Structures are given as C-alpha cells and as structure tokens.
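Report on the following structure.
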Protein chains: 4
Amino acid sequence: MGTHQARRGDTRQRIQDVALELFLERGYEKTSLREIAEKLDVTKAALYYHFKTKEDIVIGLFQEFGRPLDELIAWGRTQPSDLDTRLELLRRYSAALQTASPLFRFAHENQPTLRELSIGQSFRERITALTELVTDAGGPLEDRARGMSALFTVHFGAFAAMEWMTGDDTPDDKRRAFLQVAEELLTAAHHPSAGTE
Amino acid sequence: MGTHQARRGDTRQRIQDVALELFLERGYEKTSLREIAEKLDVTKAALYYHFKTKEDIVIGLFQEFGRPLDELIAWGRTQPSDLDTRLELLRRYSAALQTASPLFRFAHENQPTLRELSIGQSFRERITALTELVTDAGGPLEDRARGMSALFTVHFGAFAAMEWMTGDDTPDDKRRAFLQVAEELLTAAHHPSAGTE
Amino acid sequence: MGTHQARRGDTRQRIQDVALELFLERGYEKTSLREIAEKLDVTKAALYYHFKTKEDIVIGLFQEFGRPLDELIAWGRTQPSDLDTRLELLRRYSAALQTASPLFRFAHENQPTLRELSIGQSFRERITALTELVTDAGGPLEDRARGMSALFTVHFGAFAAMEWMTGDDTPDDKRRAFLQVAEELLTAAHHPSAGTE
Amino acid sequence: MGTHQARRGDTRQRIQDVALELFLERGYEKTSLREIAEKLDVTKAALYYHFKTKEDIVIGLFQEFGRPLDELIAWGRTQPSDLDTRLELLRRYSAALQTASPLFRFAHENQPTLRELSIGQSFRERITALTELVTDAGGPLEDRARGMSALFTVHFGAFAAMEWMTGDDTPDDKRRAFLQVAEELLTAAHHPSAGTE
DNA sequence: AATGAATGAGGGTTCATTCAT
DNA sequence: CATGAATGAACCCTCATTCAT
C-alpha cells in the first residue's frame, strides 16, 4: 500500500498512459523520455526495457486504441453502400471516439511527426478508408463534400469542440448534438433535391 | 552577374518562405535552423541577423498571414449578429483561406507547439472569436453545433480535404462546394424548425 | 525432449564459444552481452550465472586456450638456449597456433582492450617470454631482429596471411610455408657470417 | 601568451592529434568524445563543429596519414615487377612508417572497429595492393610467404617491436635492422635455389 | 549583412550489472 | 539454472543560441 513499488507488472501500461498524457500536453517531440520516466518515478532505462524506442510507445498506443477503428471499417465494408449504413457508421464512429478521442486528438495535433513515424501511414489509410465508406466516389461534388463534412463534424466535435464551445452542456450532450448535425448532412446528401436546392 | 547574391534585402522574406515550407513538411520541432540555413545556402548565424529566435520566425509568419483574419473579425464585430452577417463571414473566411491556408494548416498540425509559443494564444483567441461571431451563444445546442460544423467545414475543407478527397475537381471547386455546405448548415441553424425536425 | 533445453551443463562452454565468435566478428567492445545472450537464446541474466562479469568470459577463454602457450614457454625454459631449441620452439608454436589461432587473432585485434583487462598483462608477458627464448639478448641487433621476424612470420602467418594471401593452397600448406621461412630466418641468425653479409 | 584561447584556427588539427593519442592509448571504442574534448579544454559540441561524427575524425586521420601509402602503391605500379622494385618498395615503406607508424599501429590494434568503419575497407585494400606488389602471384608458395614475411617484418618492426625488443638501440637502428632482414627475405625469394636449399 | 567558432543543455539510446523470485 | 524488471552511468549526437570579427 506504499507509494513506491506498489504496482507490479503493469508498468508497460502505466508508461503508455503517462506518455499519452504528456504527448497531449506538450506534443510528441517536446515530450522527453526523461519527463515520462520522472513522472513514473523510474529511470529512462526502465522505459527501454518495455519499449524498444520512443516511437514504439506510440505504436503501442495506436495498436491498443486503433483497433475499434479497424473493426468499424471492416464492418462497413461488409455492408451495402447506402444511407442506412452510412448513418450507422457515423453513429459507431461517434461512439468509438468517446473512449478513443485522446488518441485521435494526439494524432491530429502531431501530424507532421506521425507522417514520419510509419505508424502514421496506417492511420491515414484508415481515415481515407472511412471517407470512402461515407461518401459516394461517383456522386456529385457537393454530396461528397457533405459526406466529408459529416465526418469532420463527428470527428472534431469530439475534441476540438470541447475547447471552443462555451456553455455548460455535458461532453456527451455535445457529442450527440454533433452526431445529429452530421446525420442531417448525410441525409441531405442522399436527398434527390440536395444538389439543386 | 551571378546567380548567388542576386537577391538583396529580401532575405528576411526568403527565410520565412523556406521556414514555412519546412515547418509544413517536417513540423516545427523537427525543423532545425540548420536545415533552414542550408536550404537557403547561408549560415545559421545569418538567420539570427534577421530573427531574434526561432519562435520569432513563426511570429513573423503569423503577422503576415494572420492579418486578414484579424480584419475579418474586426469587420464581423461591427455588423449585426444575424444570418446574413454570418453567411458573409463564412464567405470571407473561405476566401481568406485561399491564400492563407498553408499557415492555417501549419497552425493546425503544430498545435502542441503553438500552445506554448505565446503567438499560439492569440491564434486560438482569434478562432474563438470567430466561433462566437458565427454561433449564437444563447441558442440551442444543436444550432451552436451547426455553426461550429459550418466553420469546420470551411476550415478543413480548405486543406484536410485536399488530401483525402478523390476526383479531379480543382481546389477552387472543392472550396466552393464546402462553402456551400457550410452555408446550408448555417441557414438550417437559423430555420425555426431546425431544432425540432 | 525437444530441440531446446537439449544441452545441459555445457552452457558455460556455449557462452564462451559464441562470445569468441562475436568478439572476433565485431570486437570485444562492440559485442554486447545482449547479443551473446540473444544468439544463445537465453537472458542476459543467465550469463551472469556462469560468469561474474564480461571480462570474466575473456579470462575463461584465455585460460582454456592459453595453456598450450604456457607449457611451451615452460618447456623452452628447461632447454639449452641454442638453435635446435629455438627451431623446436618455432615448430611447437606454429603447431599450437593451429588450434589456438582464433584466440590469438582476438588478442591481436583487441589489444587496447586487453591492455586494460588484467588478463592482457599476462598475455603480453607470455609474448615477451617467447621472444626472449627465441632471441639472444646479448647478440647483435640484426640477429635479434631475425628472431623477432621469425616469430612474426609464424604468428601472423597463422591468421593475417589467411586473408591477404591469394592462391588455393590449404591453410596447413600456408602454415608450413611460413614455418619454413621462419626456420630459415633463425638459422641465418645463428650463422657466423649472418651479421657481416 | 595565455594558456586559454592561445591557439586559433588549428583546432581541427589539435582534435585529430589528441584523438589519435587517445585512440592509441585506450582504443577507439573506449575513447569517448568527452575525453577528447576535456583534454582539449573545449566542449563536446565543439568537436562536432569540426567533424560530423566520431568516425569522421578517424577518416580525417587516414586521409592525412594514408596519402604516403597511396603514393607508394601508385609508384610501385609504374615500375617493373622485379627484385629491385620490390626492394625499393620495402625501403620506401619502411621510411613511410617512420612518420605514419602511430596511425598504422592504431589501424592494427583496432581492426574489428575499422572493419565496420568504411574507411577500414580502403585501408585493407591498400595492404592487399602492397602484398601484391611485393609478391609474385604466380610464384611458389614459399616465395610468396617470404614476400609477406618481409612485409610483416618491416611493418611490425616499426611498432610491435618497439615494445617487445629489449636493449638500448635507437628506434631508427631497429627500423634499419628490420629493413635489412626484410631485404634478405626478398632477395632469398628471388634466388633460384631459394625453394630447394 | 553575414560568418566561423563555440557553448550548454538536453535528446534518445545502449551498456554492464544487480537482485528478488 | 535461469528470468523479469530495473538501474546508473555513459554514450554519440543535435539543438538553439551567442559573439567577436
């Protein structure tokens, strides 16, 4: 029950938690392994026992949190490419963001780093896959814009909005509100009169 | 006479150009002054003749490119807070992004850095100001979400979309499409029946 | 039962074998215990069960392989200091190198390390002892040079030559050739007319 | 006339001097840049102003000291492949070693390191070139052994001998003695009766 | 308007070694 | 007989910055 040495075996997990926390606060590049180690009250070398490199910590994070997104895409690909599927995709994406949003915010705020970090490639591919599922590649430009906009809305509604939106609604209220706006966008994209209005 | 030394006096400008280019490519933190200097074929020390610090280069960039945004906000504050004003704000914002989009992309992709860089504060404030002009602080949550979504749509439509949207429409076509979607969103937010649907 | 764990008790030997192999390939300093352990498919800590320190592995190697040299010197000291003894020393040394040459190559290629490694001292002493047995401390400079040269010839003929000598003679052919050259050198050193030429 | 800052512009040279000195004393791997810097009373970073990497220091050393050897080889290749040429090659090699011997000793005592250091390759090639010039690729094995032995004799006579040879002859006396022994070896290799004796 | 030389702080990484289990 | 987890010291290297010239 002491402060020291109390945990055991969960060090790997703790490293990832603290790392993500600091990466979000100060960015990947500016977060040094020294900082992570100090916050955990271990040595830098201890980190290297659990992760081969700094980049490896990020890879670990994405493996853990990125799975729901993979499943979502896999599911989407088994479904017919119609409005109902897309609405459901949005809903599930919104739900997934509830827990994974820290990682996604990290991904967004550290793009130049991820671009060079191998893992970044696969993350971008997943985003691309999602947009393809939600938009109709052959449809009119406006409709595709609506699809992407719906995605932006759910996506950024999950974290960017948290900082910029005033009022005292709960995070979950906000999330649902953005989800509804996104659904309207997608529905409009499928409405025959959408492009003409 | 000679390709070298041909320019004069515009070194400051050239530094900023190259810096922004590299910041976009590799991120602010990973771009070293050495790289910038080498690409310009001058010494690191030369950079210090023109800019007091690395951060100063960023400040210079924001002063140059950030002005249109300041003017936009200033204009918005003189106008009545109604739908027409907001639509016009969107249009002007979209237009401003046409030239300033590299800087905005830089701002977005280097948020953790900017957060600590003093200049970042003022940039965030400007974004906050914009959202306040475009949404009605006292209105229903869905409407505020629509306002923010409209802003996201114009904003990310300007660069994120460029990478993720397939098809061979021109960038300007895309921009206009996103603008139109954003206008629809704002209009819906002002429609009496919007919240009930 | 199974390929693993098949050996038992010979772990110490296997460590030494793999260590010498790696020391020869990459040098003592650049060979880490991690590498040795990985190649053996055990943990670093396991090495410490068999050897107290990294240096201890080297000591072990020299004890194993260095004995023939000790015996050679001991034998030499019991013999009269004449040409026949010296020729026989050369022959025995050449023979000893046949099996011990890896260790000798290691010793030669890692001299700065050995110099600081306690065991190195004793190795150098042995070489010095050999030269004293083969040369006549009070004789003319040229003769002493011939003695050392004979030693070089046998010594480096055993490994350096392997890499630099073209042709398809067997290693043993080469060894014998160098031995013969060395014998000529020693014999010349004992010839009355040697110094006068 | 102060102790500090007294020199200027010769820092690069001083780094190389001190580096070689330490490399000889403690070996390349065990010599840290910190040690070199401290001995020079500058910062580690200063070293990096003059040399891109630790390996670069070695490269610099070889470029400086390795040139005489290159010239020797180049000269040898313009000459007829007979005894006189070979004797002259030995003499010139022996002379070259007078000044370059520290570098050659370094090369010899740090072979595993050099093998991985790119520069090492070219050094080995030079040694190979020399042996080819001094021996007759098509001749009998014994004669080739005599050629290599002659080279060993001159080569190791230049530094290894210094440590192992007792007596109070000057280094130059020793060098000349070894040179003479080497000359005898080469001459014997060209004697018709050499192999039969 | 710019350079050459240097610095101090810190980066990520690797190493030999230890010890409770 | 061996492992898992960790440490402390050191490593090479890079960075933003300075300053005399």
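Since the model is a prediction, treat every value here as computed from it, not as a measurement. Reminder, nothing fancy here: chain letters follow the sequence lines and each chain counts from 1.
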**Prompt:** Any sub-3.5 Å donor-acceptor pair from Asn110(A)'s side-chain atoms to Gly27(A)'s backbone N or O?
**Reply:** no
Is Glu21(D) salt-bridged to Lys39(D), cutoff N-O under 4.0 Å? yes
Arg34(A) atom CZ is separated from dT14(E) atom P, nearest whole Å, by 19 Å
Discussion item. Between Gln121(A) and Arg115(A), do the side chains contain a donor N or O and an acceptor N or O under 3.5 Å apart?
Written reply: no
Hey, is the side chain of His50(C) poking within less than 4.0 Å of OP1 or OP2 on dA2(F), counting only N and O atoms? yes
Between Leu33(D) and Glu29(B), whichever has its closest DNA chain F nucleotide further toward 5' is Leu33(D)
>> Side-chain N or O of Ser32(A) versus OP1/OP2 of dG11(E): is the shortest distance under 4.0 Å?
In response: yes
Judged by nearest nucleotide, the residue sitting upstream toward the 5' end of DNA chain F, Glu35(B) or Ala46(A), is Ala46(A)
Whole-Å distance, Ile57(D) CD1 to dC13(F) C1', equals 12 Å
Exercise for review: Report yes if some heavy atom in the side chain of Tyr48(D) is under 4.5 Å from a heavy atom in the side chain of Leu33(D); otherwise report no.
Suggested key: yes
Steps toward side-chain hydrogen bond (donor to acceptor under 3.5 Å, both in side chains) verdict (Gln111(A), Arg105(B)): CA-CA 10 Å; Gln111(A) 285 202 60; Arg105(B) 205 185 102 212; over 6 Å; no
Regarding the side chain of Ala45(A), the nearest nucleotide among dT3(F), dT7(F), dG12(E) is dT7(F)
Kindly indicate whether the side chain of Lys44(C) and the base of dT17(E) share any N or O donor-acceptor pair separated by less than 3.5 Å?
yes
From OH of Tyr48(D) across to C1' of dA16(F) the rounded distance in Å is 18 Å
* Ion pair present between Glu35(D) and Lys30(D), side-chain N to carboxylate O less than 4.0 angstrom? -> no
Check: Lys54(C) side chain, Tyr28(C) main-chain N or O, donor-acceptor pair, under 3.5 Å: yes
In whole angstroms, the gap separating C1' of dT13(E) from NZ of Lys54(A) amounts to 12 Å
Atom OH of Tyr49(B) and atom P of dA16(F) are separated, to the nearest Å, by 22 Å
Between CZ of Arg12(D) and P of dA6(E) the distance, given in whole Å, is 13 Å
In DNA chain E, stems of three or more consecutive pairs, Watson-Crick or G-U, each with both distances under 3.5 Å, turn out to be E:2-21 with F:2-21
Rounded to whole Å, NZ of Lys30(A) lies from P of dG12(E) at a distance of 12 Å
Comparing nearest nucleotides in DNA chain E, the 5'-proximal residue of the pair Thr43(D), Thr43(B) is Thr43(B)
Of Leu47(B) and Thr53(C), the one whose closest nucleotide on DNA chain E sits nearer the 5' end is Leu47(B)
In whole angstroms, the gap separating P of dG12(E) from CD1 of Ile36(A) amounts to 8 Å
